[in-house]
Trainee: 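Here's a structure for you.
Heavy-atom basis, side chains included; hydrogens, waters and symmetry copies ignored. Here is how names work: the chains are called A, B, and so on, in the same order as the sequence lines, proteins then strands, and each is numbered from 1.
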Number of protein chains: 2
Amino acid sequence: MLKEERHNYILNEVRIRNRVLLTDISKKLDVSEDTIRRDLNHLDEQGKIKKVHGGAISSSFHLYSYREDQIYAHESKSVIAEKAIKLIQDDSVLLMSGGTTNLEVARLLPDDKRITVFTPSLPVAMQLLVHPLIETIFIGGRLSKDAQIALGGEAIRTLSQLKADLCFMGTGNLELAAGLTEFDWEVVQLKKAMLDSSKRMVVLTISEKINSSQRFNVCPTSSIHTLITELSPTSEMLKSFVEKGLEIL
Amino acid sequence: MLKEERHNYILNEVRIRNRVLLTDISKKLDVSEDTIRRDLNHLDEQGKIKKVHGGAISSSFHLYSYREDQIYAHESKSVIAEKAIKLIQDDSVLLMSGGTTNLEVARLLPDDKRITVFTPSLPVAMQLLVHPLIETIFIGGRLSKDAQIALGGEAIRTLSQLKADLCFMGTGNLELAAGLTEFDWEVVQLKKAMLDSSKRMVVLTISEKINSSQRFNVCPTSSIHTLITELSPTSEMLKSFVEKGLEIL
DNA sequence: TAAAATTCTGTAAAATCGTGCAAATACGTT
DNA sequence: AACGTATTTGCACGATTTTACAGAATTTTA
């Protein structure tokens, strides 16, 4: 394994998780801890990461900050991402929202898939650029500091010109009766536009976010074609959604 | 086996796998490691790949990456960024291109400045989000893997609706007679549009990039209002630009 | 404060690199 | 065909880089 590969791997991990443990990387990449330590120090000198005792953390931004309870969630998101990726056909047009689950999708996309992806999410776009065959189009607009996505009229106008084959919608709030909801009014507008701009709406969410709702409504449950969670489709929790006619993966 | 065949094979491997090992190619193509080494060095000089110890990786990975010769350059870029930031007035609208110098500007911007910034650069936008009072608007479009900026008609259309107070244009190529030039045709189009969308054009470049030119022309030297380098305005090297009527900082 | 984990420093082995050189090959000219 | 020139390739050898290991020093944790 090349040194630069390790560096890329580490930077990627830091970008996604906002932290890495030295021992974890050492085990994962099967090289000595000394080597990883040298790597981390090297990347720190370049200002790419911040070396701390026992590992490293992101040096710049803190949206996807680390919390104990999110470590477990990350595993689930990988499972969801794997399922989602299977839906993508070659030469199709994909629309991806923001959020950590979609970021995981972007990270895990195979390098030999040739697709076009539209996204208003800065981290997702950044991640997509890594893949050689993927054409990435950023949906511009005023950037939200919190979500690191483009919002507002400009973004919605761009979306109105588009009809994607597939839309991967990451969300924190899905409930049977209320449907898809959001806290932020502007995000609601954007997500509505995304819904209108795609033939098939796929919602990606971890099970713990199901059955919670926010104050503004994006769309009813019936507007969603497919729901992907880390659970098995036969899970008790998802029963009511199956009855509503949703495809569960 | 022809040299060109090897080169094509290597480029393809890098494109698909994002990396190659020198020993692997040597064995696979049944030529000596020295020959492959020469091939890799050659392709690196052309900027097609990035040669590293033990093999090579995709060059697009490493736009904003560390190189021996860029360590010194980074100091200069900080100096340039500091000078540029002094030009920014509160409540003004700024347009920033991509490149490492602008990234440095974005990094060093004071947190108490309240401005609006338009940019087509992913890394610059990412960095701007860190500052609480800065409103960032991303100029969307098809993303270039190399430069990590939005290009194409969509980006240019957005720019046409805009008139910024100030434009910070990072460049690698400035020459007295040829003016501002670029290697990539699409980048030229974008930079032309940026020029048209701003009242004052400020070019940021380190002195070592002055007096080099590429094949396509963005604008003549006379279209540039201000030039910022790490050198003193009285420097011998900049004399001819002063005579052309440029403000030097 | 003591134990555990992590870091730092030096070292040695292995892998990789750069350079000079000579043989082989291709190319153009007479 | 014969010749001179340029390019390409493989090999040798010293220099450099990378890596793992060991032991002392430091930081963290309980």
Trainee: Whole-Å distance between D:dT18 C1' and A:Glu5 CD?
Mentor: 15 Å

Trainee: Tell me the interatomic distance from A:Leu22, atom CG, to D:dT27, atom P, rounded to whole angstroms.
Mentor: 17 Å

Trainee: Do B:Arg142 and B:Glu186 sit within salt-bridge range, that is, some charged N less than 4.0 Å from a carboxylate O?
Mentor: yes

Trainee: When you get a sec, tell me which of D:dG10, D:dT28, C:dG18 is the closest nucleotide to the side chain of B:Arg37?
Mentor: C:dG18

Trainee: Any salt bridge between B:Glu175 and B:Lys209, counting N to O under 4.0 Å?
Mentor: no

Trainee: Send over the distance from A:Lys27 NZ to C:dA5 P, rounded to a whole Å.
Mentor: 11 Å

Trainee: What integer distance in Å separates B:Asp39:CG from D:dT7:P?
Mentor: 16 Å

Trainee: Quick one: the side chain of B:Arg38 and the base of C:dG18, do they pair up donor-acceptor inside 3.5 Å?
Mentor: no

Trainee: Salt bridge check, A:Asp90 against A:Arg114: does any charged N sit closer than 4.0 Å to a carboxylate O?
Mentor: no

Trainee: What is the distance from CG of A:Asp30 to C1' of D:dT19, rounded to the nearest Å?
Mentor: 13 Å

Trainee: Take the protein atom CD1 of B:Ile25 and the nucleotide atom C1' of D:dT9, then report the distance between them rounded to whole Å.
Mentor: 16 Å

Trainee: Quick check for you: among C:dT6, D:dT19, D:dT8, whose closest atom lies nearest to any side-chain atom of A:Lys3?
Mentor: D:dT19

Trainee: Over how many whole Å does the gap from A:Leu29 atom CG to D:dA20 atom P extend?
Mentor: 11 Å

Trainee: Whole angstrom is fine here: how far is it from CD in B:Glu33 over to P in C:dG18?
Mentor: 13 Å

Trainee: Please tell me which of the listed nucleotides, C:dT7, C:dT19, C:dT16, lies nearest to the side chain of B:Asp34?
Mentor: C:dT19

Trainee: With side-chain contact (heavy atoms from CB on, under 4.5 Å) as the test, pick out the partner of B:Arg6 among B:Leu11, B:Thr35, B:Leu40.
Mentor: B:Thr35

Trainee: It should be established whether A:Asn41 places a side-chain nitrogen or oxygen under 4.0 Å from OP1 or OP2 of nucleotide C:dT7.
Mentor: no

Trainee: Can you check whether B:Arg6 has a side-chain N or O nearer than 4.0 Å to OP1 or OP2 of D:dT9?
Mentor: yes

Trainee: Are the aromatic rings of B:Phe183 and B:Phe216 close, with centres under 6.0 Å apart?
Mentor: no

Trainee: Taking 4.0 Å as the cut-off, does a side-chain nitrogen or oxygen of A:Thr35 come that near to OP1 or OP2 on D:dT19?
Mentor: no

Trainee: Ignoring backbone atoms, establish whether A:Lys51 has a side-chain N or O less than 4.0 Å from OP1 or OP2 of C:dT7.
Mentor: yes

